[in-house]
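What follows is a set of notes on a single structure, which appears directly below.
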Amino acid sequence: MSGWLIKGASLLGAEPVDVLIRDGHIAEIGDRLDGGSASVVDADGLVMLPGLVDVHTHLREPGREDAETVASGSAAAALGGFTAVCAMANTDPVADTAGVVEQVWSLGRDAGYVDVQPIGAVTVGLAGEQLAELGAMATSAAKVRMFSDDGHCVSDSRLMRRALEYVKAFDGVIAQHAEDPKLTVGAQMHEGVVSAKLGLAGWPAVAEEAIIARDALLAGHVGSRLHVCHVSTAGSVEILRWAKRNNWRVTAEVCPHHLLLTDELAATYDPVYKVNPPLRTAADVEALRRGLAEGVIDVVATDHAPHALEDKECEWGAARPGMMGLQTALSIVVETMVRSGALDWDGVAERMSRKPARIAGLSDHGLDPAPGVVANVTLIDPEARWTVDGAKLAGPSRNTPYAGMTLPGMVRATFLRGEPTVLDGMLTEGLKR
Ligand code: DOR
Ligand code: ZN
């Protein structure tokens, strides 16, 4: 078999064209191409985007393989239209050494569904006290460029400054989980009217906003790159707007769940809605959508956080925070941003592929399909709707907040370096290397 001829795909939402893939690259784009012996994919009515890139994924391996493995999370990613994911460092052991990041990187390569780019921890053991060996991780086979203590905030200002200074030498980036820990002691949900009614300890917006403001100032002072994880409040959007006006090197992500769900859901006491940062108010959701449309928030990232059943099917207070997100991210973006006209397909490509690839330093990803470009692409049916069933999602975990919801946008195929990882909406085990 030599290559793939994708017939009649709408490139980034434009007029349908044929796309010929050979030797891992886009060979030709045009009308009525002759693919010779290439396998044909009928893409009538499908939108082609560069493969999606997630800068914030929890793959749980090593340590919590009962919740997710690099292989199962990679499969979920491919099914969700992704060709690359950045794996967060809060594993067990923590990814704070060259050894662990190389392990995650090579597990990703062995699984072969998406490129798995490990994120290194900023501090040893995520303890927030001592810088991890950032240089050793950067020069390892995993070539780490993004560092994060996600799950924890690098709250010590001096340490945050040092980390920003350190990574500047190799154009690295510090991805901050912005949460002043002193302001969120015991917090269970967003601090506001609903938390007051339910009598649950609140996580105030200012705990996020104060850290983003401080870190933006530090990034500006040092001249280094800051990325803000899972922005969740209207105030954070305004702080980012200010940071960008100053031309500081600050980027930010929003998660699908913060674009759709609100803190009212905590009233169900169903821990599937427990996440950190917490679901906020409808006004915050509105501001996040606007911030994403305007580019004040740069990218969508999933914060895919699978958890074992016993960590979610328990009382709210004991449950771990986090939601699965890889297989539903695109649909939530279609639901919240595309259908309203806030984003077109080019805008989706910018926020879910090009920009995340640039932030993470993944040069083979986030490239618009064009002759000579590496064939990392995804094919989406924008009209199709599907009903989320937790039991049918890839991997051992079930904690999706979208179970039972019917959502628009289905991923029909994903190609990684010219070979399908997903075809007809299904993983291509047989075709795998
Ligand atoms: O909800 C969350 N879950 N937020 C985080 O910051 C960490 C993540 C996890 O690792 O489960
Ligand atoms: Zn986080």
Side-chain angles (χ1 to χ4, degrees), residues 54-70 73 76 85-96 104 118-119 121-123 125-126 128 146-155 160 173-181 184 187-190 203 207-209 211-212 215 226-233 236 252-259 261 263 265-266 270-280 297 299-312 314 316-326 328-329 395-401:
D54 189 14
V55 297
H56 191 150
T57 311
H58 296 275
L59 292 177
R60 304 295 188 220
E61 189 176 3
R64 286 307 301 261
E65 292 82 355
D66 55 330
E68 191 81 286
T69 61
V70 171
V85 300
C86 299
M88 269 300 169
N90 63 340
T91 49
D92 184 11
V94 170
D96 58 1
V104 172
I119 295 171
V122 178
T123 69
L126 309 175
M146 186 181 264
F147 298 87
S148 181
D149 274 5
D150 183 59
H152 302 265
C153 182
V154 181
S155 63
M160 186 63 183
V173 57
I174 304 294
Q176 176 72 292
H177 171 113
E179 172 184 357
D180 184 329
T184 60
Q188 291 294 331
M189 63 172 296
H190 171 65
W203 196 133
E208 174 172 306
E209 293 155 4
I211 295 292
I212 298 178
D215 287 354
L226 168 73
H227 177 73
V228 184
C229 296
H230 40 52
V231 167
S232 69
T233 78
S236 296
E253 69 190 36
V254 63
C255 301
H257 46 268
H258 290 125
L259 291 172
L261 309 175
D263 62 340
L265 287 162
D270 183 341
V272 80
Y273 301 117
K274 183 172 175 179
V275 64
N276 187 15
L279 300 177
R280 305 285 187 185
I297 297 172
V299 303
V300 174
T302 68
D303 195 5
H304 176 74
H307 284 296
L309 290 189
E310 69 269 23
D311 290 325
K312 273 303 202 184
C314 52
W316 181 282
R320 301 232 177 153
M323 303 172 163
M324 297 169 75
L326 284 168
T328 45
S397 296
R398 296 284 168 265
N399 56 304
T400 173

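In listed order, ligands and their atoms are each counted from 1. Along the sequence shown, the residues carry numbers beginning at 1.
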Exercise. Mark yes or no for whether Asn399, through its side chain, and His307, through its backbone, hold a donor-acceptor pair below 3.5 Å.
Key: yes
| query | Looking only at atom types and distance, does a side-chain atom of Ser397 sit under 3.5 Å from a main-chain N or O of Ala67, one as donor and one as acceptor? | reply | yes
So the angle subtended at the Zn ion (ligand 2) by His177 atom ND1 and His230 atom NE2, rounded to 10 degrees, is 100°
With sequence neighbours left out, the residues meeting side chain to side chain contact (heavy atoms under 4.5 Å, CB included) with Thr400 are Val388, Leu393, Tyr402, Ala403
Q.
Keeping Gln176 on the side-chain end and Ile212 on the backbone end, is there a donor-acceptor pair under 3.5 Å?
A. no
In Asp150, the N/O/S atom nearest the Zn ion (ligand 2) carries the name OD1
Pocket residues around ligand 1 (non-hydrogen, under 4.0 Å) come out as His58, Arg60, Asn90, Asp150, Gly151, His177, His230, Val275, Asn276, Asp303, Ala305, His307, Pro321, Gly322
Notebook entry, point to check: Taking side chain as C-beta onward, heavy atoms only, is Pro277 less than 4.5 Å from Val231?
Noted result: no
All heavy atoms of Ile211 vs all of Cys153, minimum pair found to be CG2-SG, 3.9 Å
With a 3.5 Å distance limit and no angle check, can you tell me whether Asp149 reaches the backbone of Val122 through a side-chain donor-acceptor pair? yes
